[in-house]
Each structure stands twice: as C-alpha cells, then as structure tokens.
Amino acid sequence: MNIEFSADDEAFRAEVRAFLAASLTPDMRRESERTTTVFADKDLAMKWQEILVDKGWAVPAWPEQHGGTNWTPNQKYIWGQECAKAHAPGLIPLGMRMLAPVLFKYGTPEQKAEYLPKILSGEHYWCQGYSEPGSGSDLSSLKTSAVKDGDDYIVNGTKIWTTHAQFADHIFCLVRTDADVKPQAGITFLLIPMNLPGIKVDPIITMADDHEVNQVFFDDVRVPQSNRVGPENEGWTVAKYLLEFERGGGGSAPGIYEALKGLKEVARREVDGGHPLMDDPSFASRIAELEIRTEALQLQELMTLERISSGGSPGPGSSLAKNTSVEINQGLSELRLEAVHYYGLPNANKISLNGFDEAWVGAEHSETAMARYLNGRAASVFGGSREVQKNIIATVVLGL
Ligand SMILES: Cc1cc2nc3c(=O)[nH]c(=O)nc-3n(C[C@H](O)[C@H](O)[C@H](O)COP(=O)(O)OP(=O)(O)OC[C@H]3O[C@@H](n4cnc5c(N)ncnc54)[C@H](O)[C@@H]3O)c2cc1C
C-alpha cells in the first residue's frame with residue numbers, strides 16, 4: 001500500500017480543510033474537545049451528519065450508488081486526519097458503520113431500500129442488542145427468544161449495556177430461534193423498531209456518572225419475519241461480520257495523535273518541582289512510548305482501510321487494532337490525570353449532575369480528566385473484552 005501522499009492527495013487535503021473550516025460550528029468543535037463519553041453528544045453529532053450528507057461526505061466507506069464517496073484509501077485517511085485536527089464531533093457508528101455493512105452483505109433488496117437511506121438521513125437511530133445478563137463474552141449463550149407465530153416472531157427476554165437505547169428508535173438484535181442445537185447454530189439476527197408494544201428501556205448510570213448504557217426488556221414483542229437479516233438460525237455469521245466493523249472499521253490513530261498533542265501541551269503547562277512536567281524524562285518517555293505505539297496502529301489502520309476499499313472486511317486483525325487503540329487511549333487518560341494532580345480528582349460529570357455550576361477550581365484542562373479516565377476503563381470491555389480479543393489474536397491471527 002502507498003502511504004506517501006501525492007500532490008493530488010495534498011490538493012484533496014486542502015479541499016477538506018477548507019470545507020471543515022467553513023462548516024464546523026464552535027459548539028461542535030468544543031464538544032469534541034470536552035466530551036468524556038464514548039459517543040459525542042447525540043444532537044451535535046446528528047447536526048454534523050446532516051451537514052456531511054448535504055456535502056455527500058457522510059459515508060465514505062459505503063458503495064457509491066448508496067452515497068459513498070469512492071475515495072482512495074489515502075483520501076479516506078486524510079479525511080479522518082483532518083476531521084481529528086479540526087475537532088469535528090465523531091459520527092455515531094451504530095447505523096452507518098456497524099449495521100450498514102451488514103445490510104450491504106446480507107440484507108434483502110427491500111431491507112436495503114428501506115433502511116440505508118434512513119440511516120444516512122438520520123431518520124433512524126440504531127442501538128445494538130447483543131449482550132445479555134450472563135451472555136457477554138460468551139455471546140452465543142444468549143437466551144432472548146424469538147418464536148414463530150404466523151408471519152411474525154414473538155420476542156421475549158432482555159438485553160443489557162445497550163448504548164444509546166434511550167435515544168434509539170431501532171435496535172438490531174440477536175435472538176435465539178433454536179435452543180436444541182449447539183449455541184451458535186440457533187441464533188437469528190433481527191431488526192426491531194423500539195416503539196413496538198412490550199419494549200421497555202431502563203437506564204444504567206456508570207461509575208463515571210454517565211447515562212450511556214441501558215437495559216432493554218422485551219415482553220411478547222411481535223416482530224415481522226421480514227425484519228430478519230440472513231436466514232433463520234444463521235445469525236451468528238451475520239453477528240460476527242458486524243463485530244469486525246465495530247472493532248476495527250474506523251481509524252482511531254488520527255484522533256489519538258490529537259490527544260497526544262493535547263497531553264504534551266498539558267505537560268508543558270503543568271509544573272513539577274519548578275520545571276514543566278514535559279522536561280521530566282520519565283513522564284516524557286511514557287508519552288514517547290504511546291506515540292510509538294500510535295505509529296504502529298496507524299500503519300495497521302491504513303492497511304485495513306485499503307482492504308475495506310477493495311471490498312473486503314476488517315478481518316480478525318480488527319481485534320489487534322481494538323486492543324492497541326484502547327491501551328493507548330487508556331494510557332493517555334492516565335497520564336493526563338497524573339499531570340493535573342489533585343485538580344483532576346473531582347468528577348465533572350458527577351458535579352454537573354448534582355446541579356453544581358460554580359467555576360472549576362484548577363486549569364480548564366483538568367476539568368474532564370477524571371470523567372475521561374473513568375469512562376475510558378469501559379473500553380477494555382465493550383466491543384469484546386481485552387482478554388477475549390487476545391484469544392482471537394492468538395488463535396485466528398497467529399494460528400496458535
Ligand atoms: C460502556 C459499555 C457499552 C456497551 N455497549 C453495548 C451495546 O451497545 N450493545 C451490546 O450488545 N453490548 C454492549 N456492551 C457489552 C459488552 O459487549 C460486554 O460487556 C462484553 O462483551 C463483556 O461481557 P460481560 O460484561 O458479560 O463480561 P464477561 O464476559 O462476564 O467477562 C468478565 C471478565 O472475564 C473475562 N473473560 C470472559 N471470557 C473469557 C475467556 N474466554 N478468556 C479469558 N477471559 C475471559 C473478560 O475478559 C472479563 O475480564 C457494552 C459494555 C460497556 C461496558
């Protein structure tokens with residue numbers, strides 16, 4: 001793959017920069033700098049999505065006839081780099097980056113026509129119903145049942161840790177359609193509108209005091225069989241394909257480079273023993289170590305981009321990209337917290353939840369340090385835990 005940027009690439013970069021400078025509003029840039037949660041603020045992210053749809057740049061990875069840009073892998077990477085540098089809010093991936101590839105590969109023509117335009121326009125907002133109490137890493141043990149009744153399935157059970165279910169109007173769900181075969185062979189992939197009778201969403205507040213995740217309950221929910229993606233009892237294949245995109249379909253290195261830049265700035269401003277923290281060889285070497293790992297991650301993500309651009313999927317190497325980016329991000333949030341000392345101890349999320357709106361004690365860069373650190377811990381669990389990714393790397397990538 002060619003990772004040198006050509007003159008054409010640089011012209012494209014200039015076009016992207018001009019567009020971002022003209023289109024990003026101050027509240028969008030501020031959101032991307034201040035967000036402490038996995039996803040950006042939903043309203044701002046959807047506003048940004050609308051602007052990108054108008055420009056035709058919302059879904060670079062989609063096939064061109066459905067709204068994709070037909071950019072080269074280099075152009076896609078430049079787009080990611082420039083968005084990170086300009087502090088554009090991240091788009092919510094659930095519909096555009098996770099469900100859409102599944103629909104392209106396994107959806108019927110009717111499903112493609114129904115769902116893809118609404119994912120793009122933002123009319124449909126999706127959440128992911130995979131995990132259940134007792135079925136996380138061991139996902140194939142899931143119990144939420146779907147029993148055929150006429151043209152419908154009747155769904156009963158519960159899903160947990162469902163990110164943004166409080167906002168979603170649709171959920172893509174794994175359900176059990178056969179309990180008498182080996183676990184993976186009795187699973188089906190269903191698309192379920194959240195406004196159907198019998199669905200209830202309860203909030204879960206995390207230790208970072210965020211409301212991002214929920215538990216969703218299904219009580220005799222009637223779902224048309226036409227909402228099934230792929231054949232009955234073959235949902236495991238569909239589910240695994242989606243996970244490749246969840247774990248490694250995007251480029252995280254450009255955002256990490258920006259976070260590294262931010263951390264260096266903090267370390268230059270924070271003084272320890274009369275010297276900027278950045279002059280402390282031990283602290284500087286820990287930043288350097290993260291930077292070196294980011295270089296390696298960038299190379300891997302560029303190779304993945306090339307594979308997706310030529311019609312492939314991220315592949316099992318996405319588990320490696322997931323673990324690496326999580327470890328770097330967690331390393332960054334630890335160093336930031338260390339850098340701001342006790343000013344980082346209060347959790348801004350908790351304080352704002354309790355209605356306290358006095359000025360922050362300490363520099364502005366200390367305000368989000370604790371909330372980010374706490375929220376970032378979840379990343380070694382969601383999308384598949386770190387240990388389980390290591391098992392996949394050992395068996396599927398390394399063939400051990
Ligand atoms: C913030 C957040 C958001 C999430 N969002 C969603 C969502 O939107 N939709 C959704 O469906 N799910 C979501 N999840 C759930 C997530 O996918 C699961 O939490 C994850 O798969 C782990 O499952 P578990 O919590 O049941 O832990 P368990 O599977 O019980 O794991 C507990 C511990 O045991 C270890 N372990 C388990 N099995 C093995 C093994 N075979 N070898 C070695 N170690 C092992 C794990 O690594 C972990 O450390 C979210 C989770 C979090 C924290």
Side-chain angles (χ1 to χ4, degrees), residues 35-40 42 45 90 92-99 102 125-144 155 157-176 183-184 187-192 194 199 201-218 235-236 238-249 316 318-319 322-323 325-327 329-330 333 349 371-396 400:
T35 187
T36 59
T37 50
V38 181
F39 293 157
K42 183 213 162 205
I92 310 290
L94 291 151
M96 292 195 295
R97 223 186 70 206
M98 290 160 60
L99 179 60
V102 159
Y125 193 87
W126 288 86
C127 61
Q128 177 186 28
Y130 274 29
S131 308
E132 297 181 5
S135 299
S137 303
D138 184 17
L139 185 59
S140 66
S141 69
L142 63 92
K143 293 191 175 58
T144 294
V155 178
T158 183
K159 296 289 172 182
I160 198 165
W161 312 120
T162 323
T163 306
H164 279 201
Q166 74 269 36
F167 303 127
D169 41 51
H170 284 73
I171 180 167
F172 50 87
C173 251
L174 298 181
V175 292
R176 178 148 309 282
Q184 290 85 346
I187 290 172
T188 297
F189 193 102
L190 275 188
L191 307 175
I192 307 181
M194 295 285 278
I199 298 184
V201 178
D202 279 356
I204 300 174
I205 305 300
T206 66
M207 71 174 175
D209 281 288
D210 297 312
H211 176 197
E212 269 196 296
V213 290
N214 304 272
Q215 184 163 5
V216 183
F217 297 89
F218 299 86
W236 189 244
V238 183
K240 283 194 300 183
Y241 185 72
L242 184 142
L243 283 174
E244 286 183 24
F245 287 87
E246 178 175 5
R247 290 170 185 159
S318 59
S319 296
K322 198 233 160 189
N323 273 6
S325 67
V326 167
E327 282 163 21
N329 273 315
Q330 289 179 342
S333 70
N349 286 349
R372 274 191 188 176
Y373 169 79
L374 291 175
N375 192 285
R377 310 315 299 166
S380 30
V381 176
F382 63 68
S385 73
R386 173 178 296 161
E387 292 72 22
V388 169
Q389 301 319 298
K390 284 186 172 172
N391 286 346
I392 295 173
I393 294 163
T395 52
V396 189
L400 298 174

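Counting starts at 1 for both ligands and their atoms, in listed order. Numbers for residues simply follow the sequence, beginning at 1. We use all heavy atoms of the structure for the numbers below, so side chains are in, but hydrogens, waters and symmetry mates are not.
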Worksheet item: What distance separates I187 CD1 from C173 SG, expressed to the nearest 0.5 Å?
Response: 12.0 Å

Worksheet entry | Which residues share a ring-ring contact (aromatic ring centres under 6.0 Å, His included) with F167, sequence neighbours left out | H164

Fill in: Distance-minimising heavy-atom pair for L374 and A208
CB-CB, 3.7 Å

Worksheet, complete the sentence: Those residues at least two apart in sequence (or on a different chain) that pass ring-ring contact (aromatic ring centres under 6.0 Å, His included) with Y241 are Y106, F245

Fill in: Side chains of T158 and Q215, donor plus acceptor under 3.5 Å
yes

So what's ligand 1 close to, N/O to N/O, under 3.5 Å?
unit_1	atom_1	unit_2	atom_2	d
ligand 1	5 (N)	W161	O	2.7
ligand 1	5 (N)	T163	OG1	2.7
ligand 1	8 (O)	W161	O	3.3
ligand 1	8 (O)	T163	N	2.9
ligand 1	8 (O)	T163	OG1	3.2
ligand 1	9 (N)	Q128	O	2.8
ligand 1	11 (O)	Q128	O	3.4
ligand 1	11 (O)	Y130	N	2.9
ligand 1	11 (O)	S131	N	2.7
ligand 1	11 (O)	S131	OG	3.3
ligand 1	12 (N)	S131	OG	2.8
ligand 1	17 (O)	S131	OG	3.4
ligand 1	23 (O)	S137	N	3.3
ligand 1	29 (O)	S137	N	2.9
ligand 1	29 (O)	S137	OG	2.5
ligand 1	42 (N)	N391	ND2	3.1
ligand 1	47 (O)	S385	OG	2.6
ligand 1	47 (O)	E387	OE1	2.5
ligand 1	49 (O)	E387	OE1	3.4

Worksheet item: How would you list, by chain and number, every residue that makes a salt bridge (charged side-chain N to carboxylate O under 4.0 Å, His left out) with E327, sequence neighbours excluded?
Response: R293, R386

